[in-house]
Amino acid sequence: MSCSTPPTPLTPSSTGIHSNPVPMPYGQKRKVLVIGTGGTIASEPTVNGLSPLRNDHFYRRIRQHPQLSDPALSTPTHFSSDVPTRQVGPNTLYPELITPALDDYGATVGYEILDLDKHMDSSEMTPAEWNIIASLVSENWDLYEGFIILSGTDTLAYTASILTFLFTHPGKPILVTGAQIPLSQPRSDGWTNLLDSLYVAGVLNFAGVGVVFHHTVLQGCRATKASANLFNAFSTPCVPPLINLNVKITQNMNLPARSSTLPPRLIPLITTPTVISASIHPGITGKLLSAQIEAVPTCRAVILSAYGSGNLPINEESGVLAALQRFVEKEILVVVISQCSIPNVYPLYTQGRMLLSIGVLPGYDLTHEAAFAKLLWLVSRKDLTFEQRQKLFEIPVAGEMSV
């Protein structure tokens with residue numbers, strides 16, 4: 001949405017980031033769609049422990065939160081005992097909620113929550129669910145000015161990564177967030193994660209796929225889950241955060257801005273198993289690798305998590321090199337990433353050069369989540385040959401890696 005007056009220019013700081021985000025015209029309201037998939041943030045206590053139940057408890061809690069819903073701005077029916085939901089296919093759409101002013105310029109956000117027909121723990125997430133989420137974003141693109149995906153944290157970074165490839169360089173924000181503690185429990189971090197997401201999706205001049213967690217916005221295809229215990233659960237080990245939502249908001253000087261750019265044509269992801277992951281370990285052999293890959297007849301890509309900068313045994317006795325060469329000859333994409341928490345795979349050593357010579361691809365500084373997402377996106381592209389997929393893998397298409 002364009003401003004009616006020229007925006008205030010941002011001032012670069014000594015740290016290479018901008019501060020003082022560009023304000024919208026006074027009192028402006030943007031509309032945002034929140035897609036609920038379940039996960040910790042929506043979990044409720046049950047006799048078997050916390051579970052992401054599908055009911056209106058989640059919506060009721062949010063509409064009662066003073067920073068997430070302003071009764072004076074919302075219609076009275078929003079606060080009645082009955083919640084007038086609407087079915088959108090198999091999914092449930094809840095009435096619009098409107099936030100109070102989120103900045104000094106009176107900006108508010110109107111948002112609707114669309115709950116998927118099945119709430120899940122994110123460990124159950126599959127490409128089929130990603131197809132549903134991406135389709136909902138695509139179908140509603142013209143109706144909303146931002147999108148928020150509520151996810152469980154286990155596969156949150158995978159979801160952010162695949163959305164980055166499906167919506168390369170979009171003109172609107174697509175944010176993925178969740179919580180370490182459910183909204184139904186004391187000390188939930190979900191409140192601030194949701195509020196920060198609404199602020200970024202509805203107020204800031206930001207476009208692209210991002211992970212919003214613990215007062216930061218991270219590049220979606222660079223994020224990885226770093227802790228199951230800390231509120232600061234996600235990190236981007238190779239790049240700085242896009243936005244820091246502290247007392248003073250600071251943002252990367254190359255932050256992509258909103259525009260009228262339409263996302264590319266949506267590519268349906270293949271839902272049968274096509275990408276598998278194998279870890280290199282002492283004593284690994286070509287027979288062990290072959291057994292894993294041959295057990296999945298539909299496999300079209302393999303991620304090898306190797307030592308250090310991409311090292312693995314290439315001696316003839318192990319049979320690893322010969323096995324990898326057979327995979328490539330069968331037109332299976334083979335990619336080597338690092339087991340290190342700060343990945344860095346460049347073909348500098350003998351092992352790397354030998355792998356490159358047989359068609360094995362270096363993963364550079366890709367996270368496992370981004371490597372998986374990119375390979376799934378590539379093998380789902382029916383318009384590409386095997387050689388084109390190989391070449392495109394080594395080209396950064398959405399800022400996912402540094403080459």
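Quick caveat: nothing in here was measured; it's all calculated off a predicted structure.
When all heavy atoms are compared, the tightest approach of Gln390 to Val328 is NE2-CG1, 4.2 Å. The minimum heavy-atom distance between Ile293 and Cys299, with the atom names listed, is CG2-SG, 4.1 Å.
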Check: residues 378-385 side-chain donor-acceptor pairs under 3.5 Å, at least two apart:
unit_1, atom_1, unit_2, atom_2, d
Ser380, OG, Ile270, N, 3.0
Ser380, OG, Leu376, O, 2.7
Arg381, NE, Asp383, OD1, 2.9
Arg381, NE, Asp383, OD2, 3.4
Arg381, NH2, Asp383, OD2, 2.9
Thr385, OG1, Gln388, N, 3.1
Thr385, OG1, Gln388, OE1, 3.4

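Within the 4.5 Å cutoff, the side chain of Tyr94 has no heavy atoms near those of the Glu112 side chain.
The existence of a salt bridge linking Arg326 and Glu294 is excluded, since no basic side-chain nitrogen approaches an acidic carboxylate oxygen closer than 4.0 Å. Here Arg63 does not pair with Glu96 in a salt bridge; the nearest charged N to carboxylate O distance is not below 4.0 Å. In this structure, Arg222 does not pair ionically with Glu400, as no charged nitrogen and carboxylate oxygen lie closer than 4.0 Å.
The main-chain N or O of Ser305 is found under 3.5 Å from a side-chain atom of Gln339 such that the two form a donor-acceptor pair. Checked by atom type and distance alone, the side chain of Asp189 pairs as donor or acceptor with a backbone atom of Gln180 at under 3.5 Å. Judged by distance alone, with hydrogens and angles left aside, the side-chain atoms of Ser338 form a donor-acceptor pair with the main-chain N or O of Gly308 at under 3.5 Å. Not one N or O on the side chain of Thr164 forms a donor-acceptor pair closer than 3.5 Å with the backbone of Gly220. The backbone N or O of Leu68 lies less than 3.5 Å from a partner atom in the side chain of Tyr111, making a donor-acceptor pair. Between the side chain of Ser122 and the backbone N or O of Thr155 there is at least one donor-acceptor pair closer than 3.5 Å. A donor-acceptor pair under 3.5 Å is formed between the side chain of His169 and the backbone N or O of Val397.
Using a 30° and 60° split on the angle between ring planes, Phe147 and Trp141 fall in the parallel class, below 30°. The aromatic rings of Tyr158 and His368 lie perpendicular to each other, with more than 60° between the two planes, well past the 30° mark.
Listed by first then second residue, pairs satisfying ring-ring contact (aromatic ring centres under 6.0 Å, His included) with a partner in residues 213-233 read Phe213-Phe234, not counting sequence neighbours.
Gln87 and Thr92 form a side-chain donor-acceptor contact under 3.5 Å, judged by distance and modelled atom types alone. Side-chain contact, Gln28 with Tyr105: no donor N or O sits under 3.5 Å from an acceptor N or O. A donor and an acceptor atom, one from each side chain of Ser188 and Gln185, are nowhere located under 3.5 Å apart. With no hydrogens or angles considered, a side-chain donor-acceptor pair links Ser123 and Asp121 at under 3.5 Å.
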Next on the checklist: With side chain to side chain contact (heavy atoms under 4.5 Å, CB included) as the criterion, how do Tyr144 and Val32 come out once you've worked through the C-alpha distance, each side chain's angles and the decisive distance to 0.1 Å?
Outcome noted: CA-CA 5 Å; Tyr144 299 90; Val32 170; 5.5 Å; no
Item to check | Verdict with supporting geometry, Glu369 and Lys374, salt bridge (charged side-chain N to carboxylate O under 4.0 Å, His left out) | outcome: CA-CA 9 Å; Glu369 295 92 334; Lys374 188 170 187 178; over 6 Å; no
Next on the checklist: Checking Glu129 against Lys118 for the salt bridge (charged side-chain N to carboxylate O under 4.0 Å, His left out) test, could you report, in this order, the C-alpha distance in whole Å, the side-chain angles of both residues, the deciding distance, and whether it holds?
Outcome noted: CA-CA 10 Å; Glu129 282 74 42; Lys118 181 181 72 172; 3.8 Å; yes
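When Ile342, Val211, Thr224 are each tested for a side-chain contact (heavy atoms from CB on, under 4.5 Å) with Ser235, only one passes: Thr224. Evaluated for a side-chain contact (heavy atoms from CB on, under 4.5 Å) with Ile243, the options Asp196, Asn252, Leu204, Thr216 yield exactly one hit, Leu204.
In this structure, OG1 in Thr85 is found 12.0 Å from CG in Asn91, a value given to the nearest 0.5 Å.
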